[in-house]
Amino acid sequence: MVRLALPRESRAELRPCTQENTLTETAPVDPTSTDAWRNLARIADGFSPDLRGWFDADDGRAERYTFQAAELTVDLSKGLITDEIVANLVQLAKDVDVTGRYQAMIAGEHINATEDRAVLHTALRRPKDGEGLVPPKGFIVDGQDVDADVHATLDKVYAFADKVRSGEWTGVTGKRIETVVNIGIGGSDLGPVMVYEALKPYVQAGIEARFVSNIDPNDVYEKTAGLDPETTLFIVASKTFGTLETLTNARLAREWLWAELGKAGALDDTDEARTGAVAKHFVAVSTALDKVAAFGIDPENAFGFWDWVGGRYSVDSAIGTSVIIAIGPDNWREFLAGFHAVDEHTRTAPIEQNVPVLMGLLNVWYTNFLGAQSHAVLPYAQYLHRFPAYLQQLTMESNGKSVRWDGSPVTTETGEIFWGEPGTNGQHAFYQLIHQGTRLIPADFIAVANPAHPLKDATGDGAGVEPGQDVHTLFMANFFAQTKALAFGKTADEVRAEGTKEQVVPAREFAGNRPTTSILAPALTPSVVGQLIALYEHIVFTEGTIWGIDSFDQWGVELGKQLALQITPAVAGDAAALATQDSSSKALIAKYLELRV
Ligand code: F6P
């Protein structure tokens, strides 16, 4: 196997520990040095899971491994776990002090060591008038009253959203806004678009949101196609306001606005008119308000946040402005309350019943002891169709690391490859590999009991689907059937008993023991969507803490960004710049230039 970790000499360079910087923070506990880890390794050696046998022998298994976090019912019983495994995983969490690190995080300690920053996304959803908050209301971090700042910004966004929703805020020609176009990428896109899609039934009639993210010019072209410039509002969402893709797209959108307003006879060809158009059709969300002003957006129309909110943890900050406009402040408050309920569960529940911690521990068990490399997320809720994509950034940008928070090398595998599609579409695409492939792929199945739009199949098919069949019931039958089939499989004898020819029996046999976690919620309300996001944020946190890594930096995305800027002249045809490239890149760029008409 190819080892991808850095050689030891380079690691030393990554660890410039001096008295002055925070990389001298306490070294993480090496999880592999604990007795719990050794016990788990011993159990994993020759481990032979037997979900059929375990369920047969233990009537209490389902109940014992089913937990509640806010409105989320989480059944871990179809996981490859025994009481002994869980006890050791819980001990492991205690040994590395997951609880202590969570407390440090919510109190504003600089647990993002490589950027010397607090990590306070949990502060974004602390209720304005909440009693008994921990830390207490009005806590100060780096000289800043976090609660006051969060709620001042929320109030500003809510007031703006109300104006847009009521029609008080208009474009330059006095028409009310009908389309909000969010321009952002990564955390400034994936969260808002996922939540907008998840909460479509809550979107106000007459307001649509679109999302431009890719620097591929076709993205901005398609997302502005057919729009009326007089009724379009652009939100430039960028934490740094320095992201190439976002700023390029923002400039393209500004050009589009000027050109289209001009064509409609709604804009004079003067600087003053253009500035006035930007003021009515562009707002921004950023931590860099000076750069917002330099772009030409009035800082009055900019909503701030803080460097203690990581991009992929920012969906519940002002980065969600497009969604707040679409669903309204009341629904947004409910959304934030959902996050907070799971934050409180995570803070207060003992590890033995702490859902995000247990789910994170299970992932560690699968990744570090049973050799799983990927993890499927399978929402049985069409409105959650962007949830796997959202989780890809949350999980992989957070935990795809090979050094620990003190700069030392990791001591075990880290990260998982997250992927998925909504059921039942996934069933007809890749489930074959999960059911009968050679790889272990733990999967989270997520479903809600009550669909936003219950429909009945009046006709039925005369072959199992009765006339008047509730379609959500049919959908959920698939959810339950899949987790059952994955857990218990189908033995060769069961296949034979169906009269199958002996030669085909192996192909139709299902080994079972494919682990799943089932997550059920009453309905896809704003609160439940918030709960689901917070659940996964804290799963990621738990895994990162076990591995001793800083889940809140993302240095791994920097090199490609720097090289893209350096390489642009070569791609634009500069022969001298092309000559400096490696032979593969040179040949590829030359071919591209030959093909480009
Ligand atoms: O791709 C790296 C990244 O920094 C993400 O972490 C972030 O969400 C995204 O770029 C966008 O950054 P910004 O919001 O600053 O434009």
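Order of listing sets the numbers, starting from 1, for every ligand and every atom in it.
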List, one per line, each side-chain donor-acceptor pair under 3.5 Å for residues 559-568, sequence neighbours excluded.
from   : atom 1 : to     : atom 2 : distance (Å)
Thr568 : OG1    : Ala564 : O      : 2.6

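- If you look at Phe339 and His121, their ring centroids are not closer than 6.0 Å.
- Within 4.0 Å of ligand 1, protein heavy atoms come from Ile185, Gly186, Gly187, Ser188, Ser238, Lys239, Thr240, Thr243, Gly311, Gln393, Glu397, Gln554, Val557, Lys561.
- For residues 293-303, there are no salt bridge (Lys or Arg N to Asp or Glu O under 4.0 Å) pairs, not counting sequence neighbours.
- A distance of 9.0 Å separates CD1 of Ile324 from CZ of Phe335, quoted to the nearest 0.5 Å.
- A salt bridge does not link Lys401 to Asp550: none of the charged side-chain nitrogens sits closer than 4.0 Å to a carboxylate oxygen.
- Applying the side-chain hydrogen bond (donor to acceptor under 3.5 Å, both in side chains) test to residues at least two apart or on different chains, the pairs with a partner in residues 186-203 are Glu197-Lys200, Glu197-His385.
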